[in-house]
Amino acid sequence: QVQVVESGGGLVQPGGSLRHACAASGSIFSIKSMGWYRQAPGNDRELVAINTSGGSTNYADSVKDRFTISRDDAKKTLYLQMNSLKPEDTARYYCSVVATTTARSTSSFWGQGTQVTVSS
């Protein structure tokens, strides 16, 4: 199957920066998209940013000009650079990978999530 492992996250003061990484591995034939989502307590999970294999990248309005995603296809790794963090960015961040497996089935695979807390 496909494994998605995230790293990064932590506690940071307002205005600070953090960097996440998300590595996909396993029975991957191709990756269609990789993206970051977040969920704060009491809220629905929301899209933060997503990158498709076609090269397009979309960001939530709330993070535009502050967050940047980048992708290393050779390593099957997605990065999320978060700058100018605000308390409202506090949430658990999840990586999602839409991939076709070697069995030629396409599914979404999720990481376990990493906590980001922005507080002074």
Side-chain angles (χ1 to χ4, degrees):
Q1 270 294 1
V2 176
Q3 295 80 44
V4 178
V5 178
E6 300 134 336
S7 59
L11 173 64
V12 65
Q13 292 186 341
S17 298
L18 283 174
R19 188 175 192 239
H20 287 288
C22 164
S25 63
S27 304
I28 298 171
F29 176 73
S30 64
I31 292 177
K32 296 188 177 297
S33 69
M34 299 181 78
W36 290 97
Y37 293 74
R38 68 185 181 187
Q39 187 168 19
N43 291 355
D44 294 332
R45 191 171 296 189
E46 63 176 2
L47 174 70
V48 176
I50 189 167
N51 175 270
T52 68
S53 294
S56 66
T57 300
N58 292 304
Y59 295 91
D61 288 341
S62 58
V63 307
K64 279 181 182 176
D65 300 324
R66 298 189 298 121
F67 290 11
T68 303
I69 61 172
S70 58
R71 183 166 152 179
D72 185 331
D73 287 335
K75 295 181 178 179
K76 297 184 179 64
T77 299
L78 183 73
Y79 302 96
L80 177 66
Q81 178 66 42
M82 305 186 293
N83 298 328
S84 302
L85 282 161
K86 304 175 181 180
E88 50 263 44
D89 294 318
T90 296
R92 192 163 185 85
Y93 284 69
Y94 297 87
C95 179
S96 173
V97 177
V98 178
T100 299
T101 68
T102 53
R104 299 301 192 269
S105 67
T106 300
S107 298
S108 296
F109 301 92
W110 291 84
Q112 77 283 2
T114 58
Q115 180 66 35
V116 171
T117 302
V118 184
S119 175
S120 55

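Counting from 1, the numbers follow the sequence of the chain as shown.
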Rounded to the nearest 0.5 Å, what separates atom CG in L47 from atom OH in Y94? 15.0 Å
What's the shortest heavy-atom distance between G8 and T114, and which atoms? O-CB, 4.0 Å
Applying the 4.5 Å side-chain criterion to the ILVMFWY set and letting contacts propagate, would M82 and I69 be lumped into a single cluster? yes
Passes side-chain contact (heavy atoms from CB on, under 4.5 Å), V97 versus K32? Steps please. CA-CA 8 Å; V97 177; K32 296 188 177 297; over 6 Å; no
Taking side-chain contact (heavy atoms from CB on, under 4.5 Å) as the test, write out the residues that go with S7, two or more places apart. A21
How many angstroms lie between atom CD of Q39 and atom CD of E46, to the nearest 0.5 angstrom? 9.5 Å
Short side-chain to backbone donor-acceptor contact, E6 and Q112, under 3.5 Å: yes
I28 vs T101, test: side-chain contact (heavy atoms from CB on, under 4.5 Å). Steps then yes/no. CA-CA 4 Å; I28 298 171; T101 68; over 6 Å; no
Quick check on the hydrophobic clustering: are V4 and M34 connected, directly or via other members, by side-chain heavy-atom contacts under 4.5 Å? yes
Sidechain-backbone polar pair: D72 side chain, K75 backbone, donor-acceptor under 3.5 Å: yes
Among T68, N51, T52, exactly one meets side-chain hydrogen bond (donor to acceptor under 3.5 Å, both in side chains) together with T57. Which residue is that? N51
Would you kindly say whether R38 and Y93 are connected by a side-chain donor-acceptor distance under 3.5 Å? yes
Look at the side chain of T90 and the backbone N and O of E88, then say whether any donor-acceptor pair between them is shorter than 3.5 Å. no
For A91 versus A40, what's the shortest heavy-atom pair and its separation? CB-N, 3.9 Å
Show your working on side-chain contact (heavy atoms from CB on, under 4.5 Å) between H20 and Y79 and close with a plain yes or no. CA-CA 6 Å; H20 287 288; Y79 302 96; over 6 Å; no
First locate atom CG of D89, then atom OG1 of T117, and finally report the distance between them rounded to the nearest 0.5 Å. 11.0 Å
Value rounded to 0.5 Å, distance of CH2 in W36 from SG in C95: 5.0 Å
Is K64 salt-bridged to D61, cutoff N-O under 4.0 Å? yes
Please say whether more than 12 non-hydrogen atoms of neighbouring residues, nucleotides or ligands are located less than 6.0 Å from CG in D44. no
Heavy-atom pair of closest approach, residues V2 and S27: CG2-O, 4.2 Å
Going by heavy atoms in the side chains, are P87 and S119 under 4.5 Å from each other? no
Rounded to the nearest 0.5 Å, the CZ atom of R66 sits from the NZ atom of K86 at a distance of 4.5 Å
At what distance, to the nearest 0.5 angstrom, does SG of C22 lie from CG of L80? 10.0 Å
Show your working on side-chain contact (heavy atoms from CB on, under 4.5 Å) between V98 and I31 and close with a plain yes or no. CA-CA 6 Å; V98 178; I31 292 177; over 6 Å; no
Going by the ring pair (Phe, Tyr, Trp, His ring centres under 6.0 Å) test, which pairs reach into residues 41-67, not counting sequence neighbours? none
Do N83 and S17 have side-chain N/O donor and acceptor atoms under 3.5 Å apart? yes
Identify the heavy atoms of V63 and V48 that sit nearest to each other, and give their distance. CG2-O, 3.6 Å
